[in-house]
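Throughout, numbering of the chain's residues begins at 1 and tracks the sequence.
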Amino acid sequence: MYTKTTAMATTNLFEQLTVSQDVRQKPRNRMMTIQKNYSDTFFQFKKPVTLTANSGIALLVVTDDPYNPESYQEYILQGSITLASNVYFNTLTVTKQCSIFLEPQQVDDPILISVPKRFKVKYSDAVVQVNQIFSVLYQVKTAPFVTQFQDRDYFELIIVDQGEMNHRVNGKDFMLGQHECMVLFPNQNFTQEIKTDGVTTYLTIMFDATGLDEVMSNRVYHLSNKHANLIEKIVKLSTQPNSRYYSDEIYLNFKNILLSLIQGQADNIEEATTSMRENYENELFQAIVDYLHQNVEEQNQVNDLVDHFALSRSTLQMLFKKYANTSPKAYINQLRLKRSKILIRDSKMSLSEIANELGYGSIQYFSRAFSREFGMSPSSYAKSLVK
């Protein structure tokens with residue numbers, strides 16, 4: 001990334017011209033076409049010289065000491081500038097080619113200075129590239145459950161939403177709990193196992209990528225609420241493949257999660273803070289969330305949370321907006337709908353009974369809410385489970 005010359009009013013090497021001549025009026029014999037993005041030569045004029053960008057993108061390299069690379073200053077040439085007398089400079093092309101106007105103030109031939117070390121345009125390439133996301137799958141399992149995976153040639157991010165799941169990788173155990181995840185690398189053979197009674201729900205994202213460091217493997221990460229929200233968004237997007245920017249949003253959110261894991265920003269439930277109020281709010285919000293998860297079938301309403309935690313309604317709204325980027329009502333509804341999937345899969349209750357159990361006033365209301373969240377009706381989801 002380079003600074004533009006227009007961002008610099010003046011420097012010791014050049015001055016920005018605020019009003020430049022229309023390039024259409026400039027003499028064509030002063031136009032230079034540049035096709036190289038590297039050089040080992042500087043020019044020097046004894047008198048000031050004006051440079052004006054014309055087409056493409058030109059990189060201006062200027063210095064007062066051509067033999068000291070640390071003194072080189074680099075700018076994207078935009079508009080017109082006047083170089084001071086005796087300044088050493090050259091222009092390289094950032095695009096396939098570019099053109100500039102070079103206008104000495106007097107008839108003046110430049111001195112050419114060769115330097116031992118070539119200088120060139122530095123392009124900003126992303127280190128981590130997500131080449132392909134093959135699958136986004138939300139799964140529900142109950143103990144006992146064991147499965148083995150071998151000879152995989154792709155990456156897999158595994159995130160536990162509820163319950164616990166153990167992964168044995170190369171003879172070592174990694175237990176994932178709620179909102180914990182790990183990245184499994186290609187050619188890592190592993191065993192998944194659920195021993196704990198109850199239901200475990202988890203998300204698997206199979207993908208291909210380059211630039212992921214091996215230090216990410218064989219490690220358990222605890223996701224923050226911020227990253228849990230990104231994962232929720234990926235899951236929701238995966239059920240809406242016809243939305244206009246479906247792939248763009250999934251890849252953007254997923255890469256954001258991977259970069260956070262790489263940079264170690266997901267090791268704590270929330271980022272460290274010295275504010276006592278921040279700590280208090282975080283702990284309070286986590287207590288509310290834990291309470292809702294433990295009592296999802298108790299038909300909790302927003303007023304019930306206000307009473308149970310002795311909070312004002314506005315404080316409750318603020319906490320959910322800050323830590324979950326949603327409202328308490330929407331969060332409770334999402335939790336119930338997740339639970340409804342589990343009940344449809346693992347219980348013998350009818351859809352009407354499930355709707356009543358989770359506090360929906362009618363099967364019609366439940367069906368509309370389920371369809372909005374998952375892109376299919378409860379009955380269609382139930383049929384999809386029948387093999």
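Screening Tyr331, Phe285, Phe309 for a ring pair (Phe, Tyr, Trp, His ring centres under 6.0 Å) involving Tyr291 leaves a single residue, Phe309.
Asp40 meets the side-chain hydrogen bond (donor to acceptor under 3.5 Å, both in side chains) test with no other residue; sequence neighbours excluded. Among residues two or more places apart in sequence or in another chain, the side-chain hydrogen bond (donor to acceptor under 3.5 Å, both in side chains) test is passed with Asn325 by Lys321. Residues satisfying the side-chain hydrogen bond (donor to acceptor under 3.5 Å, both in side chains) test with Gln132, not counting sequence neighbours, are Tyr251. Residues passing the side-chain hydrogen bond (donor to acceptor under 3.5 Å, both in side chains) test with Ser352: none are found, sequence neighbours excluded. Scanning for salt bridge (charged side-chain N to carboxylate O under 4.0 Å, His left out) contacts around Lys120 gives an empty result, with sequence neighbours left out. Looking at residues two or more places apart in sequence or on another chain, you find a salt bridge (charged side-chain N to carboxylate O under 4.0 Å, His left out) between Arg152 and Glu156. Residues meeting the salt bridge (charged side-chain N to carboxylate O under 4.0 Å, His left out) test with Lys338, sequence neighbours left out: Asp161, Glu232. Evaluation of the salt bridge (charged side-chain N to carboxylate O under 4.0 Å, His left out) rule for Asp173 yields Arg168 as partners, not counting sequence neighbours.
The backbone N or O of Gln364 lies less than 3.5 Å from no partner atom in the side chain of Ser367, so there is not a single donor-acceptor pair. Side-chain N or O atoms of Thr6 include none that pairs as donor or acceptor with a backbone N or O of Gln78 at under 3.5 Å. The main-chain N or O of Met165 is never found under 3.5 Å from a side-chain atom of Thr200 such that the two would form a donor-acceptor pair. Formation of a donor-acceptor pair under 3.5 Å by the Glu180 side chain with backbone atoms of Ile159 is not found in this model. Between the side chain of Asn54 and the backbone N or O of Ser99 there is no donor-acceptor pair closer than 3.5 Å. The backbone N or O of Glu214 sits less than 3.5 Å from a side-chain atom of Ser217, completing a donor-acceptor pair.
A heavy-atom distance below 4.5 Å is found between the side chains of Asn131 and Thr210. Within the 4.5 Å cutoff, the side chain of Gln188 has heavy atoms near those of the Asn218 side chain. Side-chain contact check for Arg313 versus Pro328: every heavy-atom pair is 4.5 Å or farther apart. Considering only heavy atoms from C-beta on, Asn189 stays 4.5 Å or farther from Gln148 through its side chain. Within the 4.5 Å cutoff, the side chain of Leu259 has heavy atoms near those of the Val128 side chain. Gln105 has its side chain within reach of Thr82: a pair of non-hydrogen atoms, C-beta onward, lies under 4.5 Å apart. Side-chain contact between Leu292 and Leu305: present, with at least one pair of heavy atoms (C-beta onward) separated by less than 4.5 Å. Considering only heavy atoms from C-beta on, Thr5 stays 4.5 Å or farther from Leu51 through its side chain.
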Intermediate values then yes/no, ring pair (Phe, Tyr, Trp, His ring centres under 6.0 Å), Phe89 and Phe14: CA-CA 10 Å; Phe89 75 96; Phe14 67 83; over 10 Å; no
Verdict with supporting geometry, Thr11 and Tyr75, side chain to side chain contact (heavy atoms under 4.5 Å, CB included): CA-CA 12 Å; Thr11 72; Tyr75 303 92; 4.2 Å; yes
Working for side chain to side chain contact (heavy atoms under 4.5 Å, CB included), residues Gln192 and Lys141: CA-CA 11 Å; Gln192 280 183 339; Lys141 301 291 183 184; over 6 Å; no
Worked verdict on Thr50 versus Ser80 for side chain to side chain donor-acceptor pair (under 3.5 Å): CA-CA 7 Å; Thr50 298; Ser80 296; over 6 Å; no
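Heavy-atom minimum distance, Ile354 versus Ser340: CG2-CB, 4.1 Å. The heavy-atom pair separating Val130 from Ala209 by the smallest distance is CA-CB, 4.2 Å. Looking at every heavy atom in both residues, Tyr221 comes nearest to Met216 through OH-CA, 3.6 Å. Counting all heavy atoms, side chain and backbone alike, Ile205 lies closest to Ile234 at CD1-CG2, 4.3 Å. Ala143 and Ile194 get closest at one heavy-atom pair: CB-O, 3.5 Å. Looking at every heavy atom in both residues, Leu223 comes nearest to Leu261 through CD2-CD2, 4.1 Å.
Rounding to the nearest 0.5 Å gives a distance of 9.0 Å between CG of Asn166 and OG1 of Thr191. Here the straight-line distance linking atom NZ of Lys322 with atom CD of Gln317 works out to 15.5 Å at 0.5 Å rounding. Note that CG of Leu284 is 10.5 Å distant from CD of Gln286, once rounded to the nearest 0.5 Å. A distance of 10.5 Å separates OG1 of Thr63 from CD of Glu74, quoted to the nearest 0.5 Å. Rounded to the nearest 0.5 Å, atoms CG (Leu337) and CG (Leu358) are 8.0 Å apart. One finds the CG atom of Leu252 at 10.0 Å from the CD1 atom of Ile257 (value rounded to the nearest 0.5 Å).
In this structure, Lys341 satisfies the cation-pi test against Tyr381, with its NZ or CZ atom closer than 6.0 Å to the six-membered ring centre and inside 45 degrees of the ring normal.
Among pairs with a residue in residues 247-263, those fulfilling salt bridge (charged side-chain N to carboxylate O under 4.0 Å, His left out) read Lys233-Glu249, at least two apart in sequence or across chains. Within the structure, ring-ring contact (aromatic ring centres under 6.0 Å, His included) contacts touching residues 136-155 (residues at least two apart or in different chains) are Phe149-Phe190, Phe155-Phe185, Phe155-Phe207.
Looking at Ser39 and Asn90, their side chains do bring a donor and an acceptor atom within 3.5 Å of each other. Under the 3.5 Å distance criterion, with hydrogens and angles disregarded, no donor-acceptor pair is assigned to the side chains of Glu373 and Asn333.
Both Leu102 and Leu112 belong to a single network of hydrophobic side chains, linked directly or stepwise wherever heavy atoms of I, L, V, M, F, W or Y lie under 4.5 Å apart. With hydrophobic clusters built from ILVMFWY side chains whose heavy atoms lie under 4.5 angstrom apart, Val220 shares a cluster with Ile158. Both Leu343 and Leu385 are part of a single hydrophobic cluster, where members link through side-chain heavy atoms under 4.5 Å apart. Put simply, Val136 and Met206 are part of two different groups of oily side chains (I, L, V, M, F, W, Y) that touch within less than 4.5 Å, one to the next.
The neighbour count for Lys4 NZ, taken as heavy atoms of other residues, nucleotides or ligands under 6.0 Å away, does not exceed 12. Within a 6.0 Å radius of CG in Asp307, other residues, nucleotides and ligands contribute more than 12 heavy atoms.
Chaining together hydrophobic side chains whose heavy atoms lie under 4.5 Å apart places Tyr67 alongside Tyr2, Phe42, Ile57, Leu59, Val61, Tyr72, Ile76, Tyr88, Leu92, Val94, Ile111, Ile113, Val115, Phe119, Val121, Tyr123.
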Quiz: residues 28-35 side-chain donor-acceptor pairs under 3.5 angstrom, not counting sequence neighbours:
from: Gln35; atom 1: NE2; to: Gln97; atom 2: OE1; distance (Å): 3.1

